[in-house]
There are 2 protein chains.
Amino acid sequence: MKHELQALVFDAYGTLFDVHSVTRLADSLFAGRGAALSQAWRTKQLEYTWLRSLMGRYDDFSAVTAGALDWALESLGLAARPQDRASLLRAYRTLGTFPEVRGALARLGERHPLAILSNGHPDMLDAVVDHNELRVFFGERVLSVHEAGVYKPDPRVYAIAAAQLGLPAQSIGFVSSNGWDAAGAKSFGFTAFWVNRGKAPVERLGSPPDAVVDDLAGLAQLLA
Amino acid sequence: MKHELQALVFDAYGTLFDVHSVTRLADSLFAGRGAALSQAWRTKQLEYTWLRSLMGRYDDFSAVTAGALDWALESLGLAARPQDRASLLRAYRTLGTFPEVRGALARLGERHPLAILSNGHPDMLDAVVDHNELRVFFGERVLSVHEAGVYKPDPRVYAIAAAQLGLPAQSIGFVSSNGWDAAGAKSFGFTAFWVNRGKAPVERLGSPPDAVVDDLAGLAQLLA
């Protein structure tokens with residue numbers, strides 16, 4: 001399998017960037033509730049991407065993320081001042097990477113062109129990529145669902161990466177820590193790598209990943 | 001608003017039928033874990049309906065429900081014998097109603113034709129409707145997404161009910177305890193009633209319901 005790969009495409013949030021790195025800020029605003037807020041926020045954010053896509057009511061990822069935050073705050077009975085809400089939303093532009101990401105991208109980038117394909121609005125993606133100084137690995141290949149007006153796992157999203165890279169789908173390795181995203185990518189035709197950071201069961205969606213790794217260091221080892 | 005309504009269409013699972021009525025059976029199989037299993041099962045079941053719809057990989061609700069159960073069991077570290085798994089799945093055909101449902105349907109049915117529009121496979125729906133002796137209220141108007149090959153909140157699903165009833169969308173009152181389902185129905189054009197059984201925040205999906213009630217008795221009172 002690996003010798004046929006001609007490019008690697010990475011999911012961003014949860015795969016490169018730790019969405020729960022907002023927990024510390026959330027905890028400083030709402031003592032002891034940071035983890036619960038971060039969890040509820042992320043869960044609702046994903047739900048809204050799926051639901052809006054199905055409803056045919058796309059709104060960009062900044063708006064979806066803000067709506068999900070408002071829902072999560074209300075569900076937990078937390079009253080946020082406008083400036084607290086604003087700093088939580090800003091934090092999405094400066095999420096940290098998981099610790100092994102930089103080293104693994106350096107190794108993987110020696111063999112393959114690397115790209116990002118994310119639900120994020122282009123502005124959010126550029127901000128978080130540059131904040132983490134990852135531009136060197138991806139260049140202009142930081143791709144957003146925004147032009148398709150629909151979110152993952154709609155196949156039109158994965159088609160953006162195939163078209164931009166100009167490669168047949170199966171020669172593209174798609175890397176995601178979201179099991180459902182790996183399933184969507186596999187269903188589209190990509191070679192799918194699931195980074196199972198949370199030791200979760202495989203999703204029962206009919207298109208299991210080609211390989212499962214613990215983190216991106218494990219992927220670099222697998223493809224070495 | 002109410003005087004214009006010419007029919008009421010009900011969601012089934014969570015609105016008429018209590019999906020968590022499997023908790024007692026689950027608890028008898030896995031002591032102390034019944035509520036956690038029921039919760040994880042239901043959450044994953046909904047996720048799979050959304051994800052498969054977006055992927056263009058419809059599988060019927062029985063299969064989705066079984067896959068979600070397997071995921072939930074594995075995520076909780078519960079090993080189910082084949083006969084336990086089978087009884088949990090069978091339980092979906094004999095879910096109980098919420099206590100006020102029968103009385104409320106009797107009152108609502110005096111003024112409006114009533115229908116069901118559900119993610120459930122027709123066989124599952126017929127079973128649970130007949131088990132609860134609700135056929136008298138709905139007759140043949142027990143409609144499934146199955147013919148559309150996609151799940152809620154895709155507008156093609158809501159269109160099934162509008163077509164079957166032969167009524168303009170806004171004259172149809174759609175009743176769901178799932179906030180996202182009420183939002184999808186409203187976005188399609190129905191008059192939407194959200195039965196907020198769980199005192200949840202309103203979903204930030206851009207199409208809030210026309211009215212919110214605590215339960216179906218509250219709806220009967222509102223429309224009296």
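Basis for what follows: all heavy atoms, side chains included, without hydrogens, waters or symmetry-related copies. This structure is a prediction, so every number in the text was calculated from the model and none was measured.
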Do B:Glu203 and A:Tyr48 pair up side chain to side chain, a donor and an acceptor below 3.5 Å, judged on atom types alone?
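A:Tyr48 and B:Glu203 do have a side-chain donor-acceptor pair below 3.5 Å.
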Using distance alone, with no hydrogens and no angle criterion, decide if A:Asp11 and A:Asn178 have a side-chain donor and acceptor under 3.5 Å apart.
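Judged by distance alone, the side chains do pair up.
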Could you check B:Phe193, B:Phe10, B:Tyr158 and say which one makes a ring-ring contact (aromatic ring centres under 6.0 Å, His included) with B:Phe174?
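For B:Phe174, the ring-ring contact (aromatic ring centres under 6.0 Å, His included) test succeeds with only one of B:Phe193, B:Phe10, B:Tyr158, which is B:Tyr158.
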Lys/Arg cation over aromatic B:Tyr151: B:Arg52, 6.0 Å, 45° cone:
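Not flagged: B:Arg52 not positioned over aromatic ring of B:Tyr151.
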Residue part contacting chain A, namely of [X], when any heavy atom lies under 4.5 Å:
X: B:Ser207; result: side chain
X: B:Lys199; result: neither
X: B:Val64; result: neither

Please determine, among B:Asp59, B:Val202, B:Val150, the option with the most heavy-atom pairs under 4.5 Å with chain A.
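Option with the greatest count: B:Val202.
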